[in-house]
Protein chains: 2
Amino acid sequence: MSRQADAPGAFDIDADYKPLRDRVRDELRQRIIDDVYPAGTRLVETEIAAQLGVSRLPVREAIRALESEGFVKTIPRRGAVVVELSAQDVEELFDVREALEVLASQQAATRATKAELRRVRSILTRARKALDAGDHIALGKANEAFHDEILKLSHNTLLQALLEPLQGRLHWLLRQTGDPYDLFEEHSAWFEAIASGSAHLAAERAREHARLNREIVRKLLAERHRQTPSA
Amino acid sequence: MSRQADAPGAFDIDADYKPLRDRVRDELRQRIIDDVYPAGTRLVETEIAAQLGVSRLPVREAIRALESEGFVKTIPRRGAVVVELSAQDVEELFDVREALEVLASQQAATRATKAELRRVRSILTRARKALDAGDHIALGKANEAFHDEILKLSHNTLLQALLEPLQGRLHWLLRQTGDPYDLFEEHSAWFEAIASGSAHLAAERAREHARLNREIVRKLLAERHRQTPSA
DNA sequence: AGTGGGGATACTGTATACAGGATCCTAAGC
DNA sequence: GCTTAGGATCCTGTATACAGTATCCCCACT
């Protein structure tokens, strides 16, 4: 997170130290998002440990972390399983996301600095380019980065801590549903509302965006369900 | 929590099994809330392990859990410390609490069953009695239970999972500030709004309640700060 | 052929052991 | 007297080891 945040001149040798558990957690999360471990997959500690060349303990702690992030569910004495997001889970995810993103947007409107706004604008530019180039991967990443940045503009660390894992699950969901929708106009309008400094306007845009997004995912899921009725 | 909640007729031998890590976590959380471990206290794994008569591992996992709940902060290779809630932390806590409790209240208004409403009403009665008897401890517990129940009425498990630890920290804060305020009229009005079935009204009441609560805590903290300017 | 029991197996839960980094104290130098 | 280098100590990070429980498969019995 904050590499050398304070004491700018200080020597900070091996500042990029990260405990094994964190690196394992990141790796496993990525595998879940990338569908290497589809829903229902059992995460067996010994297996993963052997595969990554570490002992069971870091794996164990990583799995616990993923549990608190909502990616896996563990049953006592039975181990961890990658969760399947039910329709209700998705609805709840969007319920909470909407509430928190509206708050983030409001606070961003009143607290964002000019430099921060510039940075977000540059992300939008990146998204535009990816869209024109037809690069779906880059577009998806830019869209994810956009949401992350809006979150930072709120200057509310608790909000960030809560919303980040939720967005992780949403991105997971969106990747499952296929190619990223064209959200460029949406994001632009939302961003301008924040940049205008009006908390009210920013809130309205955030809510609108969240609802549109929810509808898109609903449709995609309904489609997918029609294709694979029972699986 | 939910001992043998589902499958009423099923044999569920040792249903009350709980991994050591969970029992240790509960114990440590309680100690933090009860101010046995005041803010700034270092939680040394070996110490706690010896004291509780378990090995370091369950303690380690418990500490990780408390970290994700926001009670402690761990620095790599340095260990865990009970956090001190800064003024900004408190504000953020209330920001998020307000947003989520408004959502919970809205959903409760449209989803709560008659049986559930009866249960909440009985909690209010308990609070009333505690208030009349001047039993501050019981009043505080009833108020905490009230919030927990409202949360359940929302029938939104994600919302509950997110809000529970936040409320834990709020209760911690409120206990630090001394005797529980008289929130009976407030809670009653809020409850009636939910019982009326109007999402809009329920949302308004929830917001009002959250804001009042925030003001109370602000005043208490300002007072405490005046008494202990630097500590 | 179907069902129930017994044992093997696989995995988690917990304990112990060891390695390496951070802190703190002491002592020497300025 | 103050500062700083060196080492001892403490504590976390990680690995290994053992115990106990759940699952599964196979075989015997009905």
Side-chain angles (χ1 to χ4, degrees), chain A residues 1-7 9-28 31-32 37 40-68 71-83, chain B residues 3-4 6-7 10-28 31-32 37 40-68 71-83:
Chain A
M1 235 0 102
S2 65
R3 276 180 62 152
Q4 243 164 321
D6 32 23
F11 264 85
D12 204 352
I13 214 68
D14 97 316
D16 50 351
Y17 168 80
K18 244 184 165 183
L20 261 187
R21 59 171 174 274
D22 290 350
R23 281 181 284 176
V24 173
R25 165 173 52 74
D26 293 347
E27 174 64 25
L28 293 183
R31 289 187 183 184
I32 293 175
Y37 296 149
T41 306
R42 284 190 60 190
L43 298 183
V44 177
E45 296 175 4
T46 49
E47 243 175 53
I48 295 166
Q51 197 183 337
L52 298 181
V54 299
S55 85
R56 272 179 57 210
L57 273 151
V59 175
R60 204 178 159 73
E61 301 198 333
I63 288 176
R64 287 281 127 67
L66 292 176
E67 185 183 10
S68 86
F71 284 100
V72 306
K73 196 164 106 74
T74 80
I75 301 158
R77 294 202 202 103
R78 294 270 316 267
V81 175
V82 178
V83 298
Chain B
R3 277 180 64 154
Q4 242 161 323
D6 31 25
F11 264 84
D12 205 351
I13 215 66
D14 98 314
D16 50 353
Y17 167 80
K18 245 185 164 183
L20 262 187
R21 59 171 175 275
D22 290 350
R23 281 182 284 177
V24 173
R25 165 174 51 75
D26 293 346
E27 174 64 24
L28 293 182
R31 288 187 182 184
I32 293 173
Y37 297 149
T41 305
R42 283 189 61 191
L43 298 183
V44 178
E45 295 174 4
T46 50
E47 243 175 55
I48 295 166
Q51 197 183 338
L52 297 181
V54 299
S55 86
R56 274 179 57 210
L57 273 148
V59 176
R60 204 180 159 73
E61 301 197 334
I63 287 175
R64 287 280 126 67
L66 291 177
E67 186 183 10
S68 87
F71 284 101
V72 305
K73 195 164 106 74
T74 81
I75 302 158
R77 293 204 202 100
R78 294 269 317 266
V81 175
V82 178
V83 298

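The chains referred to below are lettered A, B, ... by the order of the sequence lines, with proteins before strands, and numbering in each begins at 1.
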From the list dA15(D), dT12(C), dC11(C), which nucleotide is the closest neighbour of the side chain of Glu47(A)? dC11(C)
Heavy-atom pair of closest approach, residues Val24(B) and Val59(B): CG1-CA, 4.1 Å
Between dG13(D) atom P and Arg78(B) atom CZ, what is the distance in whole Å? 11 Å
Starting at NZ of Lys18(A) and ending at P of dG13(D), how long is that distance when rounded to a whole Å? 15 Å
Counting side-chain heavy atoms from CB outward, which of dA15(C), dT12(D), dT23(C) is closest to Val44(B)? dT12(D)
Classify the side chain of Arg56(B) and the base of dG13(D) as holding, or not holding, a donor-acceptor pair under 3.5 Å. yes
Of the candidate nucleotides dA15(D), dC11(C), dT16(C), which contains the atom at the shortest distance from the side chain of Arg42(A)? dC11(C)
Indicate, with a heavy-atom threshold strictly under 4.0 Å, whether Arg64(A) touches base, sugar-phosphate, or nothing. sugar-phosphate
Have a look at Leu43(A) and say if it touches a base, only the backbone sugar-phosphate, or nothing, with a 4.0 Å heavy-atom cut-off. sugar-phosphate
Taking every non-hydrogen atom, the tightest pair across Leu28(B) and Ala62(B): CD1-CB, 4.3 Å
Separation of dT12(D) atom C1' from Lys73(B) atom NZ, nearest Å, is 16 Å
Between atom CD in Glu61(A) and atom P in dT14(C), what is the gap in whole Å? 14 Å
Looking at every strand, decide which applies to Leu20(A) at a 4.0 Å heavy-atom threshold: base, sugar-phosphate, or nothing. sugar-phosphate
To the nearest angstrom, how far is Ile75(B) atom CD1 from dT23(C) atom P? 9 Å
Is Arg21(A) touching bases, backbone alone, or none of the nucleic acid, heavy atoms closer than 4.0 Å? sugar-phosphate
Which atom of Val72(B) lies closest to which atom of Ile63(B), heavy atoms considered: CG2-O, 3.8 Å
Without decimals, in angstroms, what is the distance between Arg77(A) CZ and dA22(D) P? 5 Å
Salt bridge or not between Asp22(A) and Arg25(A)? Use side-chain N to carboxylate O under 4.0 Å. yes
Would you kindly give the CD-to-P distance between Glu45(A) and dC18(D), to the nearest whole Å? 18 Å
How many Å lie between CG on Leu52(B) and P on dA15(C), as a whole number? 11 Å
Counting only side-chain heavy atoms from C-beta out, which of dT14(C), dA15(D), dC11(C) sits nearest to Pro58(A)? dA15(D)
Is there side-chain contact between Arg60(A) and Glu61(B), with heavy atoms separated by less than 4.5 Å? yes
